[in-house]
Amino acid sequence: MAEIHTPYSSLKKLISLLNGFVAVSGIILVGLGIGGKCGGTSLTSVLGVSTAYLLHVGFLCLVMGCATILLGCAGWYGATKESRGMLLFCILSMIIVLIVEVTAATVVLLFFPIVRDVALEHSFVTLRKNYRGYNEPDDYSTQWNLVMEKLKCCGVKNYTDFSGSSFEMTTGHTYPRGCCKSIGTVACDGRNVSTYVIHQKGCFQKLLKITKTQSFTLSGGSLGAAVIQLPGILATLLLFIKLG
């Protein structure tokens, strides 16, 4: 009996360790999900629905992360109790999670070129139509003001985006205060377009860079989690077969 029990005991210890890594991968996915949701919400407000995939994939990572943590614990319990039913449940569930992770990573990489091609024109048209001003309470204007201040830029393409826009027709200004390098100065009057007064470059390239970073982070994180989980799945499968 001791000879039969020893390899199972070693395998069970290995599975316990690997399921710990599985749970860690779940925590990573939860972190990615929270980051993806927060970043995706802001980017979608500014760049439009073409970046909504970050929001959806972020939510998916959040759900998968929570499920993976629970499956890691369930896998440890199944190995400890030598429960074939629990082990089979964990194996099948983790395979589904693995497939979803690889699919999510692929979707993120495929959608990024669409953002690059579609979001520019959409953002430009929407900004000229919907932006109302620096102190306006609407969410769209507030998000753009935050973007222009934090990224030190003006408009989508450049500061001339506001010329002929609904903002200029309403206020008579050629750019909002969010474009100014120092908002409280007298020179920031909505008409002085000197490089000493305003940020003349547009925000799109900087926003695109942020989108690219978030896309690659979500994609790389999902694939990394899948790689961490694979040894645990294989070890659990091996124990399931041996117990049969």
Side-chain angles (χ1 to χ4, degrees), residues 18-76 89-123 126-127 130 138-147 150-151 156 203-204 206-233:
L18 292 174
N19 275 302
F21 287 126
V22 168
V24 170
S25 74
I27 295 172
I28 293 171
L29 285 173
V30 169
L32 286 172
I34 294 172
K37 277 180 65 63
C38 294
T41 301
S42 300
L43 287 170
T44 301
S45 300
V46 175
L47 294 179
V49 293
S50 57
T51 56
Y53 73 94
L54 290 174
L55 192 62
H56 300 320
V57 173
F59 178 76
L60 187 61
C61 284
L62 189 59
V63 173
M64 287 193 303
C66 294
T68 301
I69 293 171
L70 294 175
L71 287 170
C73 297
W76 168 81
F89 170 76
C90 289
I91 291 166
L92 295 177
S93 299
M94 285 307 303
I95 288 173
I96 293 171
V97 169
L98 200 70
I99 293 170
V100 173
E101 286 168 348
V102 174
T103 303
T106 305
V107 167
V108 168
L109 293 177
L110 289 176
F111 265 84
F112 178 71
I114 297 175
V115 175
R116 185 180 56 212
D117 297 336
V118 174
L120 176 60
E121 191 59 31
H122 177 272
S123 303
T126 308
L127 178 73
N130 294 339
D138 64 294
D139 291 339
Y140 184 79
S141 299
T142 300
Q143 286 293 339
W144 261 109
N145 290 328
L146 287 172
V147 166
K150 289 184 177 181
L151 299 184
V156 178
C203 301
F204 184 75
K206 293 183 178 181
L207 288 169
L208 193 65
K209 187 176 180 180
I210 294 172
T211 305
K212 183 178 181 179
T213 301
Q214 289 201 1
S215 296
F216 283 21
T217 300
L218 279 174
S219 180
S222 296
L223 291 176
V227 170
I228 293 172
Q229 293 158 8
L230 188 58
I233 295 172

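For this chain, numbers begin at 1 and follow the sequence in order.
To the nearest 0.5 Å, atom CD1 of residue I228 and atom CG of residue L98 are 11.5 Å apart. How far CD1 of I27 is from CG of L32: 12.0 Å, rounded to the nearest 0.5 Å. Interatomic distance, L71 CG to S93 OG, rounded to the nearest 0.5 Å: 5.0 Å. Rounding to the nearest 0.5 Å gives a distance of 10.5 Å between CD1 of I28 and CZ of F21. Taken from CE in M94 to CD1 in I96, the straight-line distance is 10.5 Å, to the nearest 0.5 Å. The line from CD1 of I233 to CG of N19 is 10.0 Å long, rounded to the nearest 0.5 Å.
Shortest non-hydrogen contact noted between C61 and L218 is SG-CD2, 4.1 Å. Closest heavy-atom contact between L60 and A104: CD2-CB, 4.1 Å. A pairwise comparison of heavy atoms in S219 and A105 identifies OG-O, 3.3 Å as the closest pair. Nearest heavy atom pair, residue I99 against residue T103, reads O-OG1, 2.7 Å. Minimum heavy-atom separation, Y140 to S123: OH-O, 4.1 Å.
Taking the side chain to side chain donor-acceptor pair (under 3.5 Å) definition, one finds that D138 meets it with S141, sequence neighbours left out. Contacts of Q229 classified as side chain to side chain donor-acceptor pair (under 3.5 Å), with partners at least two apart in sequence or in another chain: S25, E101.
Just one residue in the list L110, L109, V108 forms a side chain to side chain contact (heavy atoms under 4.5 Å, CB included) with T106, and that residue is L110. Here the options are T68, L92, V102, the test is side chain to side chain contact (heavy atoms under 4.5 Å, CB included), and the partner is V97; only T68 passes.
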